Amino acid sequence: MKLIKYLLLALPAVIVAGCKQPKTGVSADAPKRTVFFDKSGMDTTVKPGDNFFLYANGKWIKDTKIPPSENSWGLGNILYNDNQKHLHSILEDVSVDDNPAGSLEQKVADFYKSGMDTATIEKLGYEPVKPLLNNIDTVKDYKGLLQLAAAGFKNGDGFLLGFYVSPDDKISTKNVAHFDQTGLTLPEKGYYFKTDSASLKIRAEYVKYIAKLFTLTGVDAKLAASKADGILKLETEIAKSHLSPEQLRDPQKNYNKFTAADFQKQMPDLDLAGAFRLMGLKTDTVLVGQPGYYKALDSLLKNQPIVVWKDKAAFGVLDGAATSLSKSFIKAHFDFYGTILNGQKKQKERWKTIVDKVDGGLGELLGQLYVKKYFAPEAKQRMLALVNNLQNAYRERIEKLDWMSPETKKQAIAKLDIITKKIGYPDKWKNYDDVTINKDGYYSNLQNIAQHDYKQELKKVNKPVDRSEWGMTPPTVNAYYNPTFNEIVFPAGILQYPFFDNDADDAINYGAIGLVIGHEMTHGFDDQGRQYDKDGNLKDWWTKEDAKKFKTRVKVMIDQYNQFTVLNNIHVNGNLTQGENLADIGGLAIAYQAFKNTAQGKSDTKIDGFTPDQRFFLSCAQVWRSKRSEQLDRMLINVDPHSPEMYRVNGPVSNMPEFYKAFGIKPGDKMYREEKDRVKVW
């Protein structure tokens, strides 16, 4: 279970930061922008003290329709779609050139062309996965199934074992083999047990989807339905062993180190040593996130019919490959995941899918072309200056905390001071020399990339951690905090308007990008991040009294967010979202303090009829402007550690006295909180 903290999981796009310098992250011929705040999207019939999110965004929300090819729409989506157009332009341009064999241009261009060659892909149908399906069909017992599952990792087809490689949480300088719970297709375990009408419908549609994939391979409809029922029942049994999303938040509970021999004892009837050999994994030590899953697997593999396990394995192959096969498979996949789970009405254009595939598979090759065209070299230093401003503001806040002891403050500041800041793109690019890419072999290209990725994973096992490595590609529209690296990372893809513009005033920039930087920094001190020391080790550096005070203050926040509702009185899960809520509240407070250190922050000059402080808070509210489908809302409330956008605005501002002053919030306003009831952590 990797604890990397993304700014936003709900959307493919994420907000981030820049600083007040010449424009960065855009091509030189981009038109100069003169409007940075959307006054027309406000709904001034709503009092800011009753619902600030709607006050800032209400008219936009009323007037905006989610495009049929999207499941949500907002500034994040707009940035993501604009960035896809940039990548599309690069790939189209490079695809018309006669690129030298083996060059980065040849690889990204031919990968793109192979994905766009729909005639060849359609002709093949599900031919690319037939060999693996045939191998599954020849399995005789659970032992053979485990062998096939383990051998498949080398080609990106492994299953049963949730294997990956990342730093040892308690020895952050060393990589180690991790094994986490796996085996479910629906978003989380609750989907298999809830009895409300929406959950029942999802399970019914899931069974139809499973059956549809089998019928597309020629299986009789009645037999396909029987297979689907069996798979759902098996996954329901597997789900009983899984930890819930809330339980997965505890890094200590999910840290279980075993020798390989002791891990074997957890699964006495499974040949783990043989599985490791087939995987190419050589190690004496493993970290197991959720041992309960592996104990259950040992029993379920023996006691559940092997024919059902084989059906599940075959479905896993078809489900995993569906978006890379012919149109009928793509449509079946979209109908369930896109429409039923996410409320998307129409498939995206083919080129968007393939752009994402190239970025995901060869991202640090495509990324070199991207930063050359869309990211100015000096942007790193400009971004760094703003990050440093926020870091200084955070340090000031820690020093002034009235609830934390000097001993813990010293440790917190030491951790804050050495946060690694990665901006734009890596200093050292990844090497893909062993990856062969052909313009007429889309599925084989995917396999070649998967084989490369797995080999790179194996090379890391029990080796020193390379802290220069990035967890995102440069074109990615996202940002993250990584606790084992104690780093904040802002790829080039997000360093652009609408979240930063040189010509915007400081109130707008700090309300948007300042918030984001503060958010990522605060993740180092949220309920999970605070358990890691300055070097990224899972180690308690708090006094017992300070830890108790922290939890007491966080409990106030959890109770607050538990009161927020979505859809038909479905409540936000304050426990699941506590880390992101802490980052939202802390990030806004830090950004505000950094803003007040600027010249405009000390001014009373109005722009667009609003004071600098009002524009700061309005900028924050418009950054999170978004509409989501009911289906997406319903899914995210179960699995997403982020609160819905309305509460990412109203929650933090309702706890800030500076917001109350800026908009004259008084007792009787719906968002008003007595001072004793406000969250006061960072």
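Being a predicted model, the structure only gives us computed values, none of them experimental.
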Inset, instruction - Check the pair K680 / D402 against side-chain contact (heavy atoms from CB on, under 4.5 Å), numbers first and verdict last. - result: CA-CA 10 Å; K680 301 173 184 177; D402 60 3; over 6 Å; no

Legend entry - Side chain Q290, main chain Q181, donor-acceptor under 3.5 Å: yes

Legend entry - Heavy-atom pair with the smallest gap, counting every atom of T522 and L582: CG2-O, 3.5 Å

Legend entry - Distance, nearest 0.5 Å, that separates CD1 of I508 from CG of L618: 7.5 Å

Legend entry - Gap between atom OG of S619 and atom CZ of F595 - 0.5 Å precision: 10.0 Å

Inset, instruction - Let me see the working for E246 and N573 under side-chain hydrogen bond (donor to acceptor under 3.5 Å, both in side chains), right down to the final yes or no. - result: CA-CA 9 Å; E246 297 95 318; N573 186 331; 2.5 Å; yes

Inset, instruction - Could you tell me whether a side-chain N or O of Y206 sits under 3.5 Å from a main-chain N or O of F336, the two making a donor and an acceptor? - result: no

Legend entry - Single hit among Y510, F616, F659 for ring-ring contact (aromatic ring centres under 6.0 Å, His included) with Y592: F616

Legend entry - Residue pair P245 / L576: nearest heavy atoms and the distance that separates them: CB-CD1, 3.6 Å

Inset, instruction - Could you tell me whether D613 and K661 make a salt bridge, using a distance below 4.0 angstrom between a side-chain N and a carboxylate O? - result: no

Inset, instruction - Report yes if the side chains of I637 and P644 come closer than 4.5 Å at any heavy-atom pair, otherwise no. - result: yes

Inset, instruction - Could you tell me whether a side-chain N or O of Q531 sits under 3.5 Å from a main-chain N or O of L538, the two making a donor and an acceptor? - result: no

Legend entry - Pairing of E645 and K627 as salt bridge, 4.0 angstrom limit: no

Inset, instruction - Could you pull out all residues at least two apart from D540 that satisfy side-chain contact (heavy atoms from CB on, under 4.5 Å)? - result: W542

Inset, instruction - Quickly, which of R553, K555, R249 forms a salt bridge (charged side-chain N to carboxylate O under 4.0 Å, His left out) with D527? Name it, please. - result: R249

Legend entry - Any L384 side-chain heavy atom under 4.5 Å of N388 side chain: yes

Legend entry - Exercise: identify the closest heavy-atom pair between C620 and L588: SG-CD1, 3.9 Å

Legend entry - I66 CD1 to S72 OG distance, which is reported to the nearest 0.5 Å: 6.5 Å

Legend entry - Residues that K59 engages under side-chain contact (heavy atoms from CB on, under 4.5 Å), provided they are two or more places apart: D63

Inset, instruction - Report yes if the side chains of N51 and M646 come closer than 4.5 Å at any heavy-atom pair, otherwise no. - result: yes

Legend entry - Shortest non-hydrogen contact from G651 toward Y561: CA-OH, 3.4 Å

Inset, instruction - Return the orientation label for the F550 and W403 ring planes: parallel under 30°, perpendicular over 60°, tilted otherwise. - result: tilted

Inset, instruction - For the residue pair K39 and Q622, establish whether any side-chain heavy-atom pair is separated by less than 4.5 Å. - result: no

Inset, instruction - Please answer whether the main-chain N or O of K670 pairs with a side-chain N or O of K47 as donor and acceptor at a distance below 3.5 Å. - result: no

Inset, instruction - Working to the nearest 0.5 Å, report the span between CG of N83 and CD1 of I78. - result: 13.5 Å

Inset, instruction - Determine, for F52 and R648, whether the Lys NZ or Arg CZ falls below 6.0 Å from the six-membered ring centre while staying within 45 degrees of the axis. - result: no

Legend entry - Whether N575 side chain and N562 backbone form a donor-acceptor pair below 3.5 Å: no

Inset, instruction - Using modelled atom types only, decide if a donor and an acceptor are shared between the side chain of R203 and the backbone of Y191 within a distance under 3.5 Å. - result: yes

Legend entry - Under 3.5 Å donor-acceptor, N509 side chain and D506 backbone: no

Inset, instruction - Using a cut-off of 6.0 Å, state whether more than 12 heavy atoms not belonging to K596 lie near its atom NZ. - result: yes

Inset, instruction - Can you measure from CE (M472) to CG (N478) and round to the nearest 0.5 angstrom? - result: 3.5 Å

Inset, instruction - State whether a side-chain donor-acceptor pair under 3.5 Å links N655 with Q560. - result: yes

Inset, instruction - Test side-chain hydrogen bond (donor to acceptor under 3.5 Å, both in side chains) on H519 and E580 and set out the steps. - result: CA-CA 8 Å; H519 174 104; E580 297 298 334; 3.0 Å; yes

Inset, instruction - Would you indicate whether the side-chain heavy atoms of I202 and K194 approach each other to under 4.5 Å? - result: no

Legend entry - Separation between CG of D526 and CD of Q578, rounded to the nearest 0.5 Å: 8.0 Å

Inset, instruction - Please state whether the rings of F610 and F37 are parallel, tilted or perpendicular, taking 30° and 60° as the class boundaries. - result: perpendicular

Inset, instruction - Identify the heavy atoms of M635 and L341 that sit nearest to each other, and give their distance. - result: CB-O, 4.0 Å

Legend entry - Counterpart residues, side-chain contact (heavy atoms from CB on, under 4.5 Å), relative to I413 (two or more places apart): R395, I398, E399, D417

Inset, instruction - Side-chain contact test, heavy atoms from C-beta onward, threshold under 4.5 Å: evaluate it for Y660 versus R678 and give yes or no. - result: yes

Inset, instruction - Measure the shortest side-chain to side-chain distance between N486 and Y532 over non-hydrogen atoms and say whether it is less than 4.5 angstrom. - result: no

Legend entry - Stepwise side-chain contact (heavy atoms from CB on, under 4.5 Å) test for I607 and D505: CA-CA 9 Å; I607 301 176; D505 56 284; 4.0 Å; yes

Legend entry - Heavy-atom pair with the smallest gap, counting every atom of M671 and N650: CE-O, 3.7 Å

Legend entry - Y55 and D50: CA distance, side-chain angles, deciding distance, side-chain hydrogen bond (donor to acceptor under 3.5 Å, both in side chains) verdict: CA-CA 8 Å; Y55 170 74; D50 285 348; over 6 Å; no

Legend entry - Donor-acceptor under 3.5 Å (K602 side chain, N597 main chain): yes

Legend entry - From CA spacing to verdict: side-chain contact (heavy atoms from CB on, under 4.5 Å), F617, R615: CA-CA 5 Å; F617 289 111; R615 285 174 66 79; over 6 Å; no

Legend entry - Side-chain donor or acceptor of N57 paired with backbone N/O of W60 under 3.5 Å: no

Inset, instruction - Apply side-chain contact (heavy atoms from CB on, under 4.5 Å) to I590 and I517, showing your working. - result: CA-CA 9 Å; I590 296 159; I517 296 171; over 6 Å; no

Legend entry - Check: Y647 side chain, T565 main-chain N or O, donor-acceptor pair, under 3.5 Å: yes

Inset, instruction - Before giving the answer on side-chain hydrogen bond (donor to acceptor under 3.5 Å, both in side chains), spell out for S172 and D535 the whole-Å C-alpha distance, their side-chain angles and the decisive distance to 0.1 Å. - result: CA-CA 7 Å; S172 64; D535 298 314; over 6 Å; no

